[in-house]
Amino acid sequence: MKKIATLILLLIAVALNGAAQYSLYDFYGNVTLQRGGKSIAIEKGMKLNATDQFNIGDNSGVEILNSMNSQIFRSTSKGSFTTTRIMIDAKDQATDHRAAIHDKIRFGKSATNGDDRVYVEKGLVRRSMETYDPEAENLQVDIKKLSVSVYNALKNPEQLKTTDFPVNLLHASVNDSGLKFMLENTLSFPVYFNVLRIMPEEKRVEISELGQPTGNYVVLSDQSIVRSQSKGLKPDGKHILIMTHCYFDIDELIENIESLMKEGSTVASDTHLPVYLRAL
């Protein structure tokens, strides 16, 4: 009977460990953690969400373990970084936990309060999104920061063609009047995107025929999505794919970009916000 009880406890432990895909493998020095704008106790082995915010001091560091593939991602730079930002910037240098752990010096920053925040509270999540939005369920990208990034990118058409993407993205013309694209998520956490048709000359923005009318496309790890329209796309404007690591409100994004274009003001982008843009 004792052996059976021990076996049951072992199975429960394995199940719990398997559920915690991202965890804090190790940390040292002055490291604090915020979740949803609130400080929480930090300890080795704790489960992490994709939008958790690490604040790393001088001569300090954190190591994040993805238990699905035994990879460790390390940050040793001073600043504030989300779990996803650490993992995506260190992706190419991530190694099996049995081997050496490499440093990745270039990191982004995402503060969670004041004017520097790039994630804000989103509110209630509908049941239809629970499967696809399990980690950022109460957060969304600060839409003003995202709007400025898109607005400034429109001034530099080459940036919309050459921006590096952390996932596989292929696109091509179809029948001279259509478009198609394929996005494959090669990361170990979800990505969120949508497609807008932007007409800078008219200072107008709308959902592209290739876009999702409400919400975002959400692509989980190892999933891919293909979307195409063989003909009939409106010829004017640019079809821009916008991808982030967290949900964003597409209606608010449209309104804010249009406002910025009509104002014509100069606003600096928040370089700490992980956002990826590509003209299709």
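- Judged by distance alone, the side chain of N175 and the main-chain N or O of S177 form no donor-acceptor pair under 3.5 Å.
- Screening K38, R35, R85 for a salt bridge (charged side-chain N to carboxylate O under 4.0 Å, His left out) involving D52 leaves a single residue, R35.
- Put simply, I250 and M199 are part of two different groups of oily side chains (I, L, V, M, F, W, Y) that touch within less than 4.5 Å, one to the next.
- Without hydrogens or angle criteria, N185 side chain to V219 main chain gives a donor-acceptor distance under 3.5 Å.
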Test log, rule side chain to side chain contact (heavy atoms under 4.5 Å, CB included), inputs M87 and I64: CA-CA 8 Å; M87 294 175 71; I64 297 171; 4.2 Å; yes
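- The two residues S147 and N256 have their closest heavy-atom pair at OG-CB, 2.9 Å.
- Side-chain atoms of N216 come within 3.5 Å of backbone N or O of F248 as a donor-acceptor pair.
- Between V150 and I242 there is a side-chain heavy-atom pair separated by less than 4.5 Å.
- Clustering ILVMFWY residues whenever any of their side-chain heavy atoms sit less than 4.5 angstrom apart, transitively, puts L170 in the very cluster that holds V226.
- Under the rule for a side chain to side chain contact (heavy atoms under 4.5 Å, CB included), D222 has no partner lying at least two apart in sequence or in another chain.
- We find that E206 and K234 are joined by a salt bridge, their nearest charged nitrogen and carboxylate oxygen being less than 4.0 Å apart.
- Around NZ of K155, the count of heavy atoms belonging to other residues, nucleotides or ligands within 6.0 Å exceeds 12.
- Side chain of S228 to main chain of K180: no donor-acceptor pair is present (N/O by atom type, distance under 3.5 Å, no hydrogens or angles).
- One N or O on the side chain of Q229 and one on the backbone of K231 form a donor-acceptor pair closer than 3.5 Å.
- A distance of 8.0 Å separates OG in S80 from CD1 in I56, rounded to the nearest 0.5 Å.
- In this structure, CG in L253 is found 8.5 Å from CG in N194, a value given to the nearest 0.5 Å.
- Between Y276 and F165, the ring planes lie tilted relative to each other; the angle falls in the 30° to 60° range.
- The two atoms that bring M261 and K203 nearest to each other are O-CE, 3.2 Å, heavy atoms only.
- In this structure, T83 contributes its side chain and N49 its backbone to a donor-acceptor pair below 3.5 Å.
- Using modelled atom types, one side-chain atom of T244 and one backbone atom of C246 make a donor-acceptor pair closer than 3.5 Å.
- Distance check, rounded to the nearest 0.5 Å: OG of S208 to CG of L233 gives 6.0 Å.
- Under 3.5 Å, the side chains of T186 and N168 contain no donor-acceptor pair of N or O atoms.
- For the atom pair K144 NZ and E252 CD, the distance stands at 9.5 Å (nearest 0.5 Å).
- Nearest heavy atom pair, residue Y28 against residue T76, reads OH-CG2, 3.6 Å.
- Between I257 atom CD1 and L196 atom CG the span is 5.5 Å, to the nearest 0.5 Å.
- Using a 4.0 Å cut-off between charged nitrogen and carboxylate oxygen, R74 and D26 do not count as a salt-bridge pair.
- Among residues at least two apart or in separate chains, there is no ring-ring contact (aromatic ring centres under 6.0 Å, His included) pair with a member in residues 30-63.
- A donor-acceptor distance shorter than 3.5 angstrom exists from the side chain of S60 to the backbone of D58, with no hydrogens or angles considered.
- L210 is not connected to V174 by any chain of hydrophobic side-chain contacts under 4.5 Å among Ile, Leu, Val, Met, Phe, Trp and Tyr, and they are in different clusters.
- How far CD of E63 is from CG of L24: 8.5 Å, rounded to the nearest 0.5 Å.
- Within the 4.5 Å cutoff, side-chain heavy atoms of N55 are placed close to those of Q34.
- Crowding of D236 atom CG: a count of heavy atoms from other residues, nucleotides or ligands under 6.0 Å exceeding 12.
- At a threshold of 4.5 Å between non-hydrogen side-chain atoms, the residues F27 and K44 count as touching.
- Using a 4.5 Å heavy-atom threshold, the side chains of K238 and L280 count as separate.
- Ring centroid separation for the pair Y217 and F193 comes in under the 6.0 Å cut-off.
- Side chain of N152 to backbone of V267: a donor-acceptor contact under 3.5 angstrom is found.
- With hydrogens and angles left out, the side-chain atoms of T82 and T84 include a donor and acceptor closer than 3.5 Å.
- Closest approach of P190 and L220 over heavy atoms only: CG-CD2, 3.8 Å.
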